Each structure stands twice: as structure tokens, then as C-alpha cells.
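Since the structure comes first, as C-alpha cells, the remarks are kept for the end.
Just so we're clear, the structure is a prediction, and the values are computed from it rather than from any experiment. One-based numbering along the sequence shown.
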Amino acid sequence: MSGQRLQAEAEPELAPAPLSVRGGGHDRAGRVFRWLATGSGVLILAVLAAVAGFLLLEAWPALSASREDLAAISWIPDDGSLLGYVGPLVFGTVLAAILALLLAVPVAIGIALFISHYAPRRLADVLGYLVDLLAAIPSVVYGLWGGLWLAPKLQGVWGWLSDNLGFIPLFEGPAATPPRVMMTVGVVLAVMILPIVTAVSREVFLQTPRLHEEAALALGATRWEMVRMAVLPFGRSGVISASMLGLGRALGETMAVLMILSPGLTYSWALLMAGRHQTIAANIALQFPEANPLGVSALIATGLALFVITLLVNMAARWVVSRRAAFSGAN
């Protein structure tokens with residue numbers, strides 16, 4: 001018996017067979033999945049390149065046309081300058097998107113924190129459902145709501161701002177009646193992007209490590225101090241990403257802006273005056289039905305400018321998120 005025990009102890013234990021030996025099917029499935037994932041990534045890049053190529057190809061007749069040919073288009077400035085036409089549209093598009101972002105992000109962060117850390121569970125579930133429901137409302141409904149109901153309600157507010165803060169260029173008056181102005185558009189766009197920013201921020205705040213929160217509370221922090229020291233630093237990069245998603249929608253919004261804003265092609269900071277601003281997407285929808293071939297090319301050129309703006313915004317967002325990720329508390 002002792003000899004058998006010594007022989008068993010002397011025999012080395014067999015190592016488990018590698019995955020490729022134990023089951024070739026698992027290895028094949030992994031390779032298939034890897035190639036599918038790689039193909040999906042390449043497909044996205046190919047679609048993006050195809051869109052950019054289409055816009056550049058279709059916009060080339062307008063980019064290479066003479067000033068005399070462009071001046072024949074009714075909505076192009078009399079000097080026939082394509083840059084003079086695209087510039088105010090880019091200015092109006094960026095102004096509307098930034099205004100919406102400034103109005104929506106603080107409110108969205110507050111709602112997300114209330115749902116994730118303050119509201120009772122049942123109330124949080126109901127509020128989360130209602131916020132998500134706002135994202136399903138079509139933009140044309142927001143346009144009708146903003147133009148027919150909200151704009152008249154804001155008439156007194158914009159008039160007060162113009163009368164009391166008119167020395168500030170943003171609130172320079174007199175305020176337009178009815179208020180189909182950039183400030184009204186900014187409010188409507190803020191409501192439209194609010195669900196996106198809120199939903200993403202809420203999910204990021206809920207991912208805060210429980211130990212971080214409990215450690216802050218154990219050190220005597222109040223609930224607000226715990227949110228400020230543990231939750232907000234952890235979710236900073238996620239909030240930035242959510243804001244960029246909302247900014248992307250605000251940049252490309254069409255129908256709501258078209259149904260509310262009184263258009264104009266100027267570089268103006270007066271948010272309460274009508275006939276001063278226009279966005280690229282709304283202008284394309286407005287002018288496309290009556291455009292001749294060169295006019296369509298000019299409109300596609302403005303679409304190319306919007307494509308470049310959106311690409312730059314997303315690249316900037318990725319850069320900001322990558323720089324802040326190391327300080328977010330996630331590491």
C-alpha cells in the first residue's frame with residue numbers, strides 16, 4: 001500500500017488541455033466573432049467615407065461655379081459668394097446648438113441626480129420612464145408645440161429681458177412679436193435634447209462604485225457632499241459624452257427650427273430679434289423644393305459644412321473624454 005502511495009505521489013498531475021485542444025468549436029466561434037466585429041467596424045468607416053464622398057461630389061458644381069452663376073440663385077447673396085452664404089448658416093447652426101446645450105445640460109444633470117440618488121425607487125422609475133418617453137416624440141410635434149403654444153407664452157419673458165437687459169448684446173431689443181426668434185428655438189431644442197442627456201447621465205451616475213459613496217458618507221459627508229466628491233467626478237466623462245450626443249442632435253435638427261424660426265442670414269448675437277438667424281438643416285428643408293440643379297448643389301455644400309462641423313465636434317468630444325477619463329474616478 002505504501003509503494004502505491006509513493007508511486008501516485010511521484011506521478012505528475014496532468015495539466016488541463018488548452019481550449020483549442022478541448023474544443024475546436026469554441027476557437028472557431030471566437031474567430032468568427034472577431035471577424036464579424038472587425039467587419040462591423042470597417043463597415044462604419046466605409047459608410048462614413050461614402051457619405052463624405054457623396055457630399056463632396058454633389059457639392060463640387062457649386063464649389064467650382066463662378067460668382068455670376070451662384071448669384072443667379074435667388075437665395076444666394078447678390079455678390080455670388082458661397083462663403084458669404086454658408087457662413088451665416090454655420091453661425092446660426094452653432095449658436096442654436098450651443099444655446100440649447102447651455103439650457104439643457106444643467107437641468108439634465110439635476111434630473112439625473114434626482115432620479116439616481118434622491119428620489120424614492122417608485123418615483124425614480126416613473127420619472128425615468130417619462131424622461132425616456134420624451135425622446136420618442138417626433139420633432140414636428142415639438143415644432144408645433146413651440147410655434148403655436150410656447151412662443152406666445154414666452155412673449156412677456158423675452159420682452160422683460162429686452163427692456164431690462166437690453167444693454168447686453170444677447171438680449172438686444174426690441175423683442176420680436178411673435179417671438180419666432182433664436183431664443184425660442186434654443187428653448188425648444190433644449191427640451192428635445194433633454195431626454196438624451198438625462199438618460200445617459202443617469203446611467204453613468206448609477207455606475208458609481210458603492211464603496212466610494214459609502215466611504216464618503218462614513219467620513220461624515222452629507223448626501224450633497226457625497227455626490228460632489230464621489231458621483232460627479234466619476235461621471236464627468238460620461239456627462240461630457242451625453243452632452244455631445246445632445247449637441248449632435250441639436251446641430252442637425254430640422255423641422256422644429258423650420259416651424260419656429262423667422263429666417264435671416266446675418267452674423268447677429270441678438271437672440272430676441274427676428275429675421276437674424278437660420279440653421280443649415282432648416283435652410284435645406286426650406287429651399288430644396290424650389291431649387292434648380294446648381295441650387296441643389298449649393299444646398300449640399302451647406303450639408304457638407306454641417307458634416308464637417310459634426311465630425312469636428314465628435315472628435316473634440318472624444319479628445320476631452322480621453323483626457324478626463326484618468327481623473328474621473330473610474331480608475
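Rounding to the nearest 0.5 Å places OG1 of Thr208 at 8.5 Å from CE of Met226. Rounding to the nearest 0.5 Å places CG of Asp163 at 9.5 Å from CH2 of Trp160. Of the inter-residue distances, the one linking Leu83 atom CG with Leu70 atom CG reads 11.5 Å to the nearest 0.5 angstrom. In this structure, CG on Leu286 lies 10.0 Å from OG1 on Thr279, to the nearest 0.5 angstrom. Here OG of Ser241 is found 10.0 Å from CG of Asn314. Values are rounded to the nearest 0.5 Å. Note that CG of Leu103 and CD1 of Ile98 are 12.0 Å apart. Values are rounded to the nearest 0.5 Å.
If you chain together ILVMFWY residues whose side-chain heavy atoms come under 4.5 Å of each other, Met229 ends up in a group of its own. Under a 4.5 Å side-chain heavy-atom cut-off, the cluster of Ile, Leu, Val, Met, Phe, Trp and Tyr residues that includes Leu45 has no other member. Other residues sharing a hydrophobic cluster with Leu36 under the 4.5 Å side-chain heavy-atom criterion for ILVMFWY residues are Val32.
Closest of all the heavy-atom pairs between Ala151 and Pro179 is O-CG, 2.9 Å. Closest approach of Leu251 and Ala97 over heavy atoms only: CD2-CB, 3.5 Å. Nearest heavy-atom pair across Val188 and Ala256 is CG1-CB, 4.4 Å.
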Please set out all donor-acceptor pairs under 3.5 angstrom arising from side-chain atoms of residues 104-130, sequence neighbours excluded.
| unit_1 | atom_1 | unit_2 | atom_2 | d |
| --- | --- | --- | --- | --- |
| Ser116 | OG | Ala112 | O | 2.8 |
| Ser116 | OG | Leu113 | O | 3.4 |
| His117 | NE2 | Glu213 | OE2 | 2.9 |

Distance-only donor-acceptor hits, side chain of residues 194-205, under 3.5 Å, sequence neighbours excluded:
| unit_1 | atom_1 | unit_2 | atom_2 | d |
| --- | --- | --- | --- | --- |
| Thr198 | OG1 | Leu194 | O | 2.7 |
| Ser201 | OG | Val197 | O | 2.7 |

Show me the donor-acceptor pairs, under 3.5 Å and distance only, between side chains in residues 291-313 and residues at least two apart or in other chains.
| unit_1 | atom_1 | unit_2 | atom_2 | d |
| --- | --- | --- | --- | --- |
| Asn292 | OD1 | Leu294 | N | 3.4 |
| Asn292 | OD1 | Gly295 | N | 2.6 |
| Ser297 | OG | Glu58 | O | 2.8 |
| Ser297 | OG | Ala59 | O | 3.4 |
| Ser297 | OG | Ala62 | N | 3.0 |
| Thr302 | OG1 | Leu299 | O | 2.4 |
| Thr310 | OG1 | Leu306 | O | 2.9 |

Got a list of side-chain donor-acceptor pairs under 3.5 Å for residues 135-147, not counting sequence neighbours?
| unit_1 | atom_1 | unit_2 | atom_2 | d |
| --- | --- | --- | --- | --- |
| Ser139 | OG | Glu253 | OE2 | 3.4 |
| Tyr142 | OH | Leu134 | O | 2.8 |

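Here Tyr267 pairs with Phe91 under the ring pair (Phe, Tyr, Trp, His ring centres under 6.0 Å) rule; sequence neighbours left out. By the side chain to side chain contact (heavy atoms under 4.5 Å, CB included) test, Thr38 pairs with Arg34, Val42, sequence neighbours left out. Residues satisfying the side chain to side chain contact (heavy atoms under 4.5 Å, CB included) criterion with Ala281, sequence neighbours excluded, are Thr254. Annotation: side chain to side chain donor-acceptor pair (under 3.5 Å) contacts of Gln155 (sequence neighbours excluded): Thr177. Under the side chain to side chain contact (heavy atoms under 4.5 Å, CB included) criterion, Ser268 pairs with Thr266, Ala270, Arg276, His277, sequence neighbours left out.
Between Pro88 and Gln278, every side-chain heavy-atom pair lies at or beyond the 4.5 Å cut-off. At least one side-chain heavy atom of Tyr85 sits less than 4.5 Å from a side-chain heavy atom of Trp75. Residues Leu272 and Met183 form a side-chain contact, since some pair of their non-hydrogen atoms from C-beta on lies under 4.5 Å apart. Residues Leu189 and Val257 are in side-chain contact: their nearest non-hydrogen atoms beyond the backbone lie under 4.5 Å apart.
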- Task: Quick one: do Leu271 and Val181 satisfy side-chain contact (heavy atoms from CB on, under 4.5 Å)? Show the steps, please.
- Result: CA-CA 6 Å; Leu271 302 178; Val181 296; over 6 Å; no
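Looking only at distances, no side-chain donor or acceptor of Ser162 sits under 3.5 Å from a matching main-chain atom of Trp158. Remark: side-chain polar atoms of Glu214 are not paired, donor with acceptor, to backbone N or O of Leu211 under 3.5 angstrom.
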